[in-house]
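Worksheet for the structure shown next.
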Amino acid sequence: MDWCIEYRPVMFHGLVGKASVFGDANLIDITDIKKTKEVLIKTKTPYLSGHICTRNKEQSKEQTIEAIKENVKQYREIFGKEIVLENIPYRDYFKHCDFLLDPELISKIIYDNDCMFLFDISHARKAALYLNMPFE
């Protein structure tokens, strides 16, 4: 990472530890807070970013949305940074939370939690195919 920072600005995307998915109810338990803070400082990353999904196949839609809300609040307090949530692609791995592909639900979550949105075009293409809707 050091050599990258010397040549270009770097925006660290995620959290140090396991996957940075804001829908996981136990996200705080698997995040290395100290290391994440170090990386954010070293890279001068202005935001804290992660994905708008969960790896927990047992969580309901409501539990996942609540986990996102709680994680955004907690992580904003811990890191003192704005939160940026990224859309997910359709993959079999995320089939259990395919409700988070819905553009209207994504918008609601972003607005309700006063977050910014990282729009990944390739993720949107895959989601549009899965939802059988035009990419545009």
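Keep in mind that what you see is a predicted model, and the values were worked out from it rather than measured.
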- Query: Between the side chain of E82 and the main-chain N/O of M116, is any donor-acceptor distance below 3.5 Å?
  - Reply: no

- Note on the structure: H51 and I88 have their tightest heavy-atom pair at CB-CG2, 4.2 Å

- Can you establish whether the number of heavy atoms outside Y47 located under 6.0 Å from its atom OH is more than 12? no

- Message: Please determine whether the number of non-hydrogen atoms from other residues, nucleotides or ligands lying under 6.0 Å from atom NZ of K81 exceeds 12.
- Response: yes

- Query: Donor-acceptor pair, N87 side chain versus D120 backbone, under 3.5 Å?
  - Reply: yes

- Item | Inter-residue atom distance E38.CD - D32.CG, 0.5 Å rounding | 7.5 Å

- Nearest 0.5 Å, what's the CZ-OG1 distance between F79 and T36? 4.5 Å

Distance-only donor-acceptor hits, side chain of residues 65-72, under 3.5 Å, sequence neighbours excluded:
from, atom 1, to, atom 2, distance (Å)
N71, ND2, F22, O, 2.8
N71, ND2, D24, O, 2.8
N71, ND2, A67, O, 3.2

- Query: Do other residues, nucleotides or ligands put more than 12 heavy atoms under 6.0 Å from the CZ atom of F119?
  - Reply: yes

- Message: Do L85 and V16 sit in one hydrophobic cluster, given that two such residues count as connected whenever their side-chain heavy atoms are within less than 4.5 Å of each other, even indirectly?
- Response: yes

- Task: Measure the CG-CD1 distance between L15 and I28 for me, rounded to the nearest 0.5 Å.
- Result: 9.0 Å

- Message: So, taking the atom named CG in L101 and the one named CD1 in I106, what distance separates them when rounded to the nearest 0.5 Å?
- Response: 6.5 Å

- Query: So, do I78 and K37 sit near enough that their side-chain heavy atoms are less than 4.5 Å apart?
  - Reply: yes

- Task: Decide yes or no for Q63 and T54: does some side-chain heavy atom of the first lie under 4.5 Å from some side-chain heavy atom of the second?
- Result: no

- Query: Just how far is it from atom NZ of K57 to atom NZ of K95, taken to the nearest 0.5 Å?
  - Reply: 11.5 Å

- Is there a donor-acceptor pair under 3.5 Å between the side chain of T64 and the backbone N or O of G23? no

- Query: At what distance, to the nearest 0.5 angstrom, does CD1 of I52 lie from NE2 of H123?
  - Reply: 13.0 Å

- Message: If you compare all heavy atoms of H13 against all heavy atoms of L118, which two are closest, and at what distance to 0.1 Å?
- Response: CE1-CD2, 3.8 Å

- Query: Which heavy atom of T45 sits nearest a heavy atom of F12, and at what distance?
  - Reply: OG1-N, 2.8 Å

- How far apart are the closest heavy atoms of C97 and C53, and which atoms are they? SG-CB, 3.8 Å

- Looking only at heavy atoms, what is the nearest atom pair of S20 and S49, with distance? OG-O, 4.3 Å

- Message: Same cluster or not: L100 versus I121, using hydrophobic residues (I, L, V, M, F, W, Y) connected whenever any side-chain heavy atoms lie under 4.5 Å apart?
- Response: yes

- Heavy-atom nearest pair, I83 first then R76, reads CD1-N, 4.0 Å

- Backbone N or O of D29 within a donor-acceptor pair of the N26 side chain at under 3.5 Å? no

